[in-house]
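Here is the structure we will look at.
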There are 2 protein chains.
Amino acid sequence: MNIGQAARASGVSAKMIRYYEQIGLVRPAERTDSNYRSFDEKNVNELRFIKRARNLGFSVEEITNLLSLWRDRARPSREVKAIAEDHVAELEGRIAEMQAMADTLRHLSGCCAGDDRPDCPILMDLAAGDPRPAGTGRRTAKGRFGG
Amino acid sequence: MNIGQAARASGVSAKMIRYYEQIGLVRPAERTDSNYRSFDEKNVNELRFIKRARNLGFSVEEITNLLSLWRDRARPSREVKAIAEDHVAELEGRIAEMQAMADTLRHLSGCCAGDDRPDCPILMDLAAGDPRPAGTGRRTAKGRFGG
DNA sequence: CTTGACCTTCCTACGGTGGGAAGGTCCATC
DNA sequence: GATGGACCTTCCCACCGTAGGAAGGTCAAG
């Protein structure tokens, strides 16, 4: 199986398969005589696993851990659950922050006439409002969902 | 006012002030004879405006527009409101996606014993679940809230 | 005059994804 | 056996916003 076929079969782009190999998320694929990567069903299953985990918002780092637990037939489910719960907590934190932003903006929008006149509570708030740090615990890394 | 003082007064780091100048979000600051940037109250107010807009999740691009509306005393509030509403819609979209992820994961976590045994519905789902694309309209750019 | 706090520019990294160039391979068709 | 096109390879660049640090200049206080 070529990288393109593996990509279509797994839903992970060829570009990303190479990237995942490069950063060590998956083991380097076998190579043919002509240096083409070669994939089997097992590889594709792993890629699908990764794809689904990404769709649930897990970072590559978290997936590294999930993958090694997946491969370990003797893993305690406790460890998997812990990763999942941590991730849920992080998601909830980010949701709460964005919810606060959206709430504030909806309120301001509601106060804004939205007509031809220049008076605008949204701009007034931006110009004079308190800093409003959008949640206290600043996220430090891992800009997920980025372009 | 030095860049450091402006940074403390506005809540925007010196690093970011230089960056905002570089990308054209703010006009290049005046310079002293020794090539130090020099800021006045007006500059600091602008930085505070930016800071608050960022805290509400606006992208630099959106802030560019907000700033020019802010400076334009004759702007129609309609335009400001439109930007705000667009942004709220985007926030809501992202919130919904993350909510779906969190819901799925909470469900799976709830099914997982989380003990020493290896049986784990979370891993089972990742290994065999359907692709579950976490919302249909893939976001394309602007990883906000990143590292 | 030294020390240390500040400033300057320039380069690097992060997360994850895509775009594209330059060159090699494989297969089918002429 | 040549040719063309679909594929592969590696390598570099971009995005967004933020931070870290190096190498060197400046300023004020001791």
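Below, each value reflects all heavy atoms present in this structure, side chains not excepted, and no hydrogens, waters or symmetry copies. To find a chain, count down the sequence lines: A is the first, B the second, and so on, and within it residues start at 1.
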To the nearest angstrom, how far is [X] atom [atom1] from [N] atom [atom2]?
X: A:Glu21; N: D:dT9; atom1: CD; atom2: C1'; value: 12 Å
X: A:Glu61; N: C:dG15; atom1: CD; atom2: P; value: 8 Å
X: A:Arg54; N: C:dG18; atom1: CZ; atom2: P; value: 11 Å
X: B:Leu25; N: D:dG17; atom1: CG; atom2: C1'; value: 12 Å
X: B:Ile17; N: C:dC6; atom1: CD1; atom2: C1'; value: 14 Å
X: A:Ile50; N: C:dG15; atom1: CD1; atom2: P; value: 16 Å
X: B:Asp33; N: D:dA28; atom1: CG; atom2: P; value: 12 Å

Problem set entry | Side chain to side chain, A:Met16 and A:Lys51, heavy atoms closer than 4.5 Å | no

Exercise. Between CZ of A:Arg71 and CZ of A:Phe49, what distance do you get to the nearest 0.5 Å?
Worked result: 9.0 Å

Problem set entry | Gap separating the CZ atom of B:Arg78 from the SG atom of A:Cys120, nearest 0.5 angstrom | 11.5 Å

For this session: Let me have a per-nucleotide readout for nucleotides 2-8 of chain D, 5' to 3', with B, S or -, counting only protein heavy atoms under 4.0 Å.
Result: -----BS

Problem set entry | Set of side-chain hydrogen bond (donor to acceptor under 3.5 Å, both in side chains) partners for B:Asn45, sequence neighbours left out | B:Arg48

Are any of the side-chain nitrogens in [X] or [Y] under 4.0 Å away from the carboxylate oxygens of its partner?
X: A:Glu90; Y: A:Arg94; value: yes
X: A:Arg27; Y: A:Glu46; value: no
X: A:Asp115; Y: A:Arg117; value: yes

Exercise. Hey, does the side-chain of A:Lys15 have a donor or acceptor N/O within less than 3.5 Å of a partner on the base of C:dG20?
Worked result: yes

Please check the phosphate of [N] (OP1 and OP2 only) for any side-chain N or O of [X] closer than 4.0 Å.
X: B:Tyr19; N: D:dC16; result: no
X: A:Arg31; N: D:dT10; result: yes
X: A:Ser34; N: C:dC26; result: yes

For this session: Would you mind reading off the bend of the helix from C:dC1-D:dG30 to C:dC30-D:dG1 from its two end axes, five pairs each, to 10 degrees?
Result: 30°

Problem set entry | B:Arg31 atom CZ, neighbour heavy-atom count above 12 within 6.0 Å | yes

Exercise. Is it true that atom CD of B:Glu30 has more than 12 heavy atoms of other residues, nucleotides or ligands lying nearer than 6.0 Å?
Worked result: no

Seminar exercise, completed: Among C:dG18, C:dG16, D:dT18, the one nearest any side-chain atom of A:Ser13 is C:dG18

